[in-house]
Amino acid sequence: MSSTVAFFGLGHMGGPMAANLVKAGYRVLGFDLVPELVTAAVAAGVEAAPSAAGAVAEADAVVTMLPAGRHVLALYREQGVLAAARPGTLFVDCSTIDVADARAAHEAVVAAGHRALDAPVSGGVVGAEAGTLTFMAGGGAEEFAAAAPLLDAMGRKAVHCGDAGAGQAAKICNNMILAVSMIGVSEAFVLAESLGLDHRALYEVASTASGQCWALTVNCPVPGPVPGSPANREYRPGFAAPLMAKDLGLAANALRAGGVEAPLGLKAAEMYAAFAAGEGAELDFSAIVRTLRPAGTRENGTPA
Ligand code: NAD
């Protein structure tokens with residue numbers, strides 16, 4: 001077991017993940033650019049690292065939970081972290097980043113004499129706090145096995161998806177399914193409204209028929225049928241629309257890079273980008289249903 005972990009990025013996700021490593025018995029040296037986040041992590045038992053390079057010098061493993069690929073690459077390449085680490089240190093990047101950036105990060109880590117795993121997560125802040133995240137990992141079998149105790153301390157499940165970048169690939173493919181299915185479910189409810197079909201009646205049929213999916217039965221975009229879904233609390237996230245837009249942007253990059261035609265995925269990326277930049281900025285991604293109703297109609301299909 002790696003006993004000392006350097007943890008970079010103590011934000012919404014990284015803060016509670018670092019705290020769970022402490023709870024599991026790890027010594028955690030934390031680093032973030034925002035001093036208040038370091039203070040909060042220290043209250044949870046994390047030690048404040050003196051600098052980026054200082055955090056890794058004593059570490060057996062380095063976990064990153066940063067906003068985007070450029071942050072991960074800059075940390076690895078420009079902040080002396082790879083040079084300061086002991087040979088063979090395990091670098092586990094849990095951020096959601098571009099597949100191409102993830103592969104470049106692996107290359108940089110390995111070229112510096114270390115070991116790398118991409119391990120993005122699903123489960124959100126609630127899962128990070130409860131230690132119930134799912135990790136999707138890319139890298140060698142030996143790296144995955146070495147990271148297992150760490151991932152265990154922060155999550156409930158870890159799937160080894162393949163080589164470098166495969167974890168990121170699984171993450172964006174899954175979220176592309178989710179986005180397209182959420183838009184499909186939302187369009188069906190809006191069609192039902194215009195046909196005078198009750199939400200509950202559609203739910204009762206579709207939830208036990210071939211329309212069944214997570215977007216319908218867990219995160220139902222209209223209030224009523226699934227009491228726990230964000231629609232019942234004015235669409236407070238949940239999974240915020242800007243995070244969905246970010247993940248779809250990564251999927252769109254990968255589609256274009258691979259020359260893959262995915263008209264629905266690309267359309268979903270476009271729709272979520274516009275929604276997240278406007279009225280959806282603070283809302284759950286299921287609130288996209290609001291943009292699909294004909295102008296001037298209400299949730300029940302009647303004129304506003
Ligand atoms: P966040 O913005 O709350 O946290 C990121 C942190 O990284 C910030 O505190 C920032 O100051 C810090 N940071 C940036 N550059 C740094 C550097 N060089 N050194 C140290 N710290 C640095 O974001 P978050 O919501 O915690 O998300 C983190 C990652 O997890 C993202 O890639 C996101 O896509 C992914 N993710 C988020 C969620 C979610 O529900 N929030 C769910 C799944 C995956």
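All figures in this text were calculated on a predicted structure; none of them were measured in a lab. Any value given below was found using the heavy atoms of this structure, including those in side chains, with hydrogens, waters and symmetry copies removed. Counting starts at 1 for both ligands and their atoms, following the listed order.
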Inset, instruction - Return yes when atom CD of E204 has more than 12 non-hydrogen atoms of other residues, nucleotides or ligands closer than 6.0 Å, and no otherwise. - result: no
Inset, instruction - Report the residues that fulfil side-chain hydrogen bond (donor to acceptor under 3.5 Å, both in side chains) with R86, sequence neighbours left out, ordered by chain and then residue number. - result: D60
Legend entry - Sorted by chain and number, the residues that approach ligand 1 to under 4.0 Å with a heavy atom: G9, G11, H12, M13, F31, D32, L33, V34, L37, M65, L66, P67, H71, Q79, S95, T96, V121, G124, V125, K171, L243, K246
Inset, instruction - Using a cut-off of 6.0 Å, state whether more than 12 heavy atoms not belonging to E142 lie near its atom CD. - result: yes
Inset, instruction - Please examine the side chains of N219 and W214, heavy atoms only from C-beta on, and report whether any two atoms are closer than 4.5 Å. - result: yes
Legend entry - Heavy-atom pair of closest approach, residues L66 and F8: CD2-O, 3.7 Å
Inset, instruction - Step through the shown structure and confirm whether more than 12 heavy atoms of other residues, nucleotides or ligands are within 6.0 Å of NE2 on H71. - result: yes
